[in-house]
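A short worksheet on the structure shown next.
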Amino acid sequence: MAEPNAFENVTSVDARRAAEALIVDVDGYEGPLDLLLTLSRTQKVDLRAISILALAEQYLSFIDQAKSLRIELAADYLVMAAWLAFLKSRLLLPPEPGEDGPSGEELAAHLAFQLERLAAMRESAAQLMARDQKGRDFFVRGIPEDVTRTRRVTYTATLLDLMQGYARIRTKDEFRPFVMDRDRILTMEQALDRMRPLIGFAGDWTDLSSYLPEGWESDPALRRSATASTFAASLELAKEGKIELRQSETYAPIQIRRRSDG
Amino acid sequence: MAEPGESLFEAPPMGEQERMVEAILFASAEPVSVADLNARMPHGADAAEALVHLRKRYEGRGVHLVKVGDSYALRTAPDLGFLMQKETVETRKLSRAAIETLAIIAYHQPATRAEIEEIRGVSVSRGTVDQLLELEWIRFGRRKMTPGRPVTYVVTEEFLDHFGLESARDLPGLKELRSAGLLDNRAPPGNLMPTEDDDDDDGLEPEDQSEMFEE
Amino acid sequence: MAEPGESLFEAPPMGEQERMVEAILFASAEPVSVADLNARMPHGADAAEALVHLRKRYEGRGVHLVKVGDSYALRTAPDLGFLMQKETVETRKLSRAAIETLAIIAYHQPATRAEIEEIRGVSVSRGTVDQLLELEWIRFGRRKMTPGRPVTYVVTEEFLDHFGLESARDLPGLKELRSAGLLDNRAPPGNLMPTEDDDDDDGLEPEDQSEMFEE
């Protein structure tokens, strides 16, 4: 790479770099509190001595920059920005007489507490992970003894198995149309499959009801499903020109016959 | 003065070497040969000598250093084999039908057989309930005050122990399962057929933790 | 002369008991509780005392006797970990969110999901808790006595074992955090803070970890 043009405006390059860093980083933050914590580090003071007012301004200008760079900000970042703007006004303006609610100082103190607590938890998490760990720094017995003297079979399951098992049962209604009702309905495809080989013998007018699968007439729910799909299948067959349909009057039995030219 | 190359790789004292051999033999899943020991220990170490010391140290203890072919292993003393009965337990994963039945009892207890069947959508085989009774994870509760006075099932202390629960009320509800990401979307709907669950076992029994924080 | 009934069940000498405890712990990959040890040893044996002797015997050795909650286990000395590359099992890398969530549960337990979210300032993502449960590092604790009776999480004995802790009281920096007030469940003043969760949040819980970690 050639050296940067010596005449190029250095400040603008820095500004652009900073802006780019923001773009890259904004994804890296785990929410507004994380961003605030990161920003607070730039104050180079103990977290207990941090200026929340300055921090609020840093955050707001970060958000402004992000907006001007058209970075999509998640809603919670904007909620935090609105809240910090409110906090800032509380901190700067004397409280109006008769105004209730917590003072700006109380709110600021709580925010400082939250930041300190998050920082402390991160530090603790790091300390925890830095400990000697089983399977990495220290080890368990490599050959758990296996004396095959008394052999007893026990069954085991984990809590996750249990909860997932329960969840599976309680949510299977969502799959119901596909799974549960399968054996209670006759689909049109099934009815068609049934009828195709049979219509070859229907040289004469025959009641459609005689095409219902065996055993389906007795249960009303099954009969309804089978009748509907068999009727639909017969319409399909009529459309294909394979059969003719007739019904002598309303509600009379529907009859079908193979088309002689079909 | 030692040579520069040597001093850098000076062998650790014999006591240290003995510790090393001890740790390696303890953690290894198989007997380890002297060559393997030497390869894993720092340059200049003498595993064969360390083994002699180690063998002496374990003489008369509950654990012995034994030679297996060309390799070495630490084994419990043969005269204490009678203490090892607990290690011979064979664990198998509970069948899916049993897990579901157990889950329903845990969440709905006291639950009758008819209720379990209604929730599962299939009938509950005698064997499933028997198995859970035998495991002492469920027991009979009070009879229901409904026609027929059916028996009910409830979960036992043993159940709570096994699953590391303080009470069945601490089981998360459906909404909580969902919001905690525990409602498994990964389970394909095609899986609804009751099957013998032979996949992933882990055999890990959660230990009894009910008292772990109590003094 | 002892009574006939007694002499039949006379406890073995302490040296023998120590051997027995050694053999049992040695054979098991999982920590074994004192109660379990006593149940497996001959009538009249005192595992707790034998453990004291055994612990001393293994001091400075390549293998250590460690306490995990109410249980004991033999583990290789951490300073020899470098010898064990062969034994190292590649563990699934935990996300930063999972690590922080784990730490929050460990230090604040019993912790509700809302508390975890309040501390981290973001919602707990799907699968994070799932992963920790699967590792058996956390489990469900008692439900909180607050509106909604939310489920809580606590760390397990497996967690203690994994991180070489005797108890949750031995978490690094716990005392300092507590005296700095950083483990307090401080409600935001006037509830004006923007929070993720609209559901159940916490009246202060007096019987929380404050009591749990009491010395």
Side-chain angles (χ1 to χ4, degrees), chain B residues 15-16 18-29 32 36-37 40-42 54 57 60-63 74-77 79-87 163-167 169-173 176 178-185 202 204-209 211-215, chain C residues 15 18-28 30-33 36 40-41 54 57 60-63 69-71 74-77 80 83-87 109 113 124-130 133 136 139-143 149-152 154-158 160 167-169 212-214:
Chain B
E16 233 359 66
E18 198 192 317
R19 290 182 74 223
M20 291 176 178
V21 170
E22 186 179 28
I24 293 174
L25 292 185
F26 177 85
S28 294
V32 188
D36 262 358
L37 284 170
R40 285 167 71 176
M41 285 162 67
L54 195 64
R57 188 181 292 272
R61 311 278 331 129
V63 172
L74 289 166
R75 289 281 156 79
T76 54
D79 66 310
L80 298 177
F82 70 96
L83 293 169
M84 301 303 147
Q85 291 172 356
K86 251 207 157 153
E87 258 57 50
F163 290 95
L165 293 164
E166 280 163 28
S167 90
R169 285 184 303 276
D170 295 330
L171 281 169
E176 287 165 321
R178 188 172 284 131
S179 68
L182 291 169
L183 242 179
D184 204 354
N185 276 356
D202 47 16
L204 288 179
E205 295 207 20
E207 286 104 359
D208 175 9
Q209 290 129 357
E211 275 164 22
M212 92 190 254
F213 295 116
E214 254 120 87
E215 276 304 72
Chain C
E18 199 192 316
R19 286 185 75 222
M20 292 177 177
V21 169
E22 184 179 29
I24 294 173
L25 292 184
F26 196 87
S28 167
E30 304 296 319
V32 185
S33 71
D36 258 2
R40 287 168 66 179
M41 283 160 68
L54 195 65
R57 189 179 293 271
R61 311 277 330 128
V63 172
D70 285 333
S71 303
L74 288 169
R75 301 282 181 252
T76 63
L80 299 178
L83 294 169
M84 307 293 169
Q85 267 87 9
K86 260 179 89 178
E87 265 65 55
Q109 65 174 357
R113 186 187 165 82
V124 175
S125 83
R126 213 189 143 73
T128 300
V129 170
D130 195 344
L133 282 168
E136 296 188 7
R139 63 175 178 88
F140 294 103
R142 268 195 198 113
R143 282 176 186 273
R149 309 247 304 125
V151 158
T152 67
V154 296
V155 293
T156 62
E157 196 164 287
E158 174 57 32
L160 298 178
S167 82
R169 286 181 294 275
M212 170 161 284
F213 291 122
E214 222 67 85

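The sequence lines fix the lettering, A, B, ..., with proteins before strands; numbering per chain opens at 1.
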Practice prompt. Could you tell me which of C:Arg19, C:Met20, C:Arg57 has the largest number of non-hydrogen atom pairs under 4.5 Å with chain B?
Written response: C:Arg19
Practice prompt. Can you see which heavy atom on B:Asp170 is nearest to which on C:Val151, and at what distance?
Written response: O-CG2, 4.0 Å
Practice prompt. Kindly indicate whether the side chain of C:Phe140, heavy atoms from C-beta on, has any atom under 4.5 Å from the side chain of B:Leu171.
Written response: no
Worksheet item: Is it the backbone or the side chain of B:Leu54 that comes under 4.5 Å from a heavy atom of chain C, or both, or neither?
Response: side chain
Fill in: For the student: nearest non-hydrogen atoms of B:Pro172 and C:Arg143, plus distance
CA-NH2, 3.7 Å
Worksheet entry | Shortest non-hydrogen contact between C:Ala23 and B:Gly62, atoms and distance | CB-O, 3.6 Å
Fill in: Candidate pair B:Arg169 and C:Arg142, rule side-chain contact (heavy atoms from CB on, under 4.5 Å), full reasoning
CA-CA 8 Å; B:Arg169 285 184 303 276; C:Arg142 268 195 198 113; over 6 Å; no
Worksheet, complete the sentence: Between C:Leu74 and B:Phe26, the two heavy atoms sitting closest are O-CZ, 3.4 Å
Worksheet item: Which one of C:Glu18, C:Met41, C:Glu22 has the most heavy-atom pairs closer than 4.5 Å to chain B?
Response: C:Glu22
